[in-house]
Amino acid sequence: MKIGINSWSFPTNLTLEEIFKLAKEFGYDTIELNMAENVQHENIVSDLGLQDTPHLTTEMTQPDFDNILALSKQYDLPISSIATALHWQYPLNHADQTIREKGKDIVKQMIVACQALGGDTVLIVPGVVTPDHPYDACYDLSLAAFKELAPFAEEHGIKIGIENVWNKFLLSPLEMKQFVEAINHPYVGVYFDAGNVLQFGYPDQWVRILDQHIVKVHVKDFDTNIGNITGFKNLLAGSLDWQRLVQSLRDIRYDGPLTAELSPYKVGGTQLAKDTAEALRIITNL
């Protein structure tokens, strides 16, 4: 397995070139970029200390993508995937059709950018259940959205990875598997986040059940003794059984990147990425 890092894990005052340079220096095999808008939104992602930057935005066009791809080639650091926090702002299950369509347009923009940047996967939050946006409606609207988006993804050769995230939706591996199989398209799978399931499940069991539906993997740690959003930890500092996780990924023959998604240190921010690379090397050699 390769080691990767999400660009959120670097301080926001760095240029994109500085991020590529440091990621290569620290020994990463791949990098994941995040699509944002020019206006920053506050959501659960920012609560985790992950802040959007203008490095890749919905307003960018091919010349911008060419400049980013040039950095990827210059530093010999492939862009594995594109993520976003925008689907907390524009969920695919929103009761307002205008907002749902905006969410779908963002998926398409991510797919176009990912293809232009040489990646193969976009990470999508499938929906957000709230008191005003009930679970059953979320299921139906999200399912319809992915069935609509799947042909566009196939046309561009980019996989859609549905993330298991703290959105009160798709809360078990059996339900996630059922959901993906209901979409029934080879270009839609699961972007599995190992740290996100620790509060209510076991990552290795999710891996075994989801099996070949997994297209990419995020890693962060979580302290189950804390049990709330402040429980997320740096790698090797929480409750995750890394030996079981790695073995389960080997069992399903996953050979893509383990991409860390962590917030930079408040002091000496880039040290987080350096420490995380060392932790990932330990993890992938278990």
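Everything numeric in this text was worked out from a predicted model, so none of it was measured.
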Check your understanding: salt bridge (charged side-chain N to carboxylate O under 4.0 Å, His left out) between D221 and K233: does it pass, once the steps are laid out?
Key -> CA-CA 5 Å; D221 218 327; K233 300 291 181 183; over 6 Å; no
Exercise for review: Carefully, step by step, assess K21 and E18 under the rule salt bridge (charged side-chain N to carboxylate O under 4.0 Å, His left out).
Suggested key: CA-CA 5 Å; K21 183 177 183 295; E18 288 172 325; over 6 Å; no
Point to revise | Row check, Y191 ring normal vs K216 NZ/CZ: under 6.0 Å, within 45° | key: no
Check your understanding: Sequence neighbours excluded, which residues qualify as ring pair (Phe, Tyr, Trp, His ring centres under 6.0 Å) partners of H213?
Key -> none
**Study point:** Chi angles and distances behind the side-chain contact (heavy atoms from CB on, under 4.5 Å) call for I124, L92
**Key:** CA-CA 10 Å; I124 306 298; L92 298 174; 4.0 Å; yes
Check your understanding: Do R208 and D251 sit within salt-bridge range, that is, some charged N less than 4.0 Å from a carboxylate O?
Key -> no
Practice item. Decide whether S81 and E32 meet the rule of one side-chain donor and one side-chain acceptor closer than 3.5 Å. Key: yes
Point to revise | Donor on one side chain, acceptor on other, D275 and Y265, under 3.5 Å | key: yes
Check your understanding: Around F65, counting heavy atoms of other residues, nucleotides and ligands shown, do more than 12 lie under 6.0 Å from its CZ?
Key -> yes
Review point. Between E17 and Y75, is any side-chain donor less than 3.5 angstrom from a side-chain acceptor?
Key: yes
Practice item. Verify the neighbour count for atom NZ of K102: are there more than 12 heavy atoms of other residues, nucleotides or ligands below 6.0 Å? Key: yes
Review point. Under 3.5 Å, is there a donor-acceptor pair between the D52 and W8 side chains?
Key: yes
Point to revise | Minimal non-hydrogen separation, H87 against V128, with atom names | key: O-CG2, 4.0 Å
Check your understanding: Can you tell me if Y187 and E155 form a side-chain donor-acceptor pair at under 3.5 Å?
Key -> no
Review point. Checking K220 against F232: charged group under 6.0 Å from the ring centre and within 45 degrees of the axis?
Key: yes
Exercise for review: Verify whether one side chain among N34 and N6 offers a donor that lies under 3.5 Å from an acceptor in the other.
Suggested key: yes
Practice item. To the nearest 0.5 Å, tell me how far N167 CG sits from C138 SG. Key: 7.0 Å
Practice item. Go through the side-chain N and O atoms of D132 and T130 and say whether any donor and acceptor fall under 3.5 Å apart. Key: no
Check your understanding: Do any pairs count as a ring-ring contact (aromatic ring centres under 6.0 Å, His included) and have a residue in residues 99-154, sequence neighbours left out, and if so which ones?
Key -> H94-H133, Y135-F169, Y139-F179, F152-H156
**Study point:** Single-linkage hydrophobic cluster I209~L240, side-chain heavy atoms < 4.5 angstrom
**Key:** no
Review point. Hey, is R281 close enough to E278 for a salt bridge, meaning N to O under 4.0 Å?
Key: yes
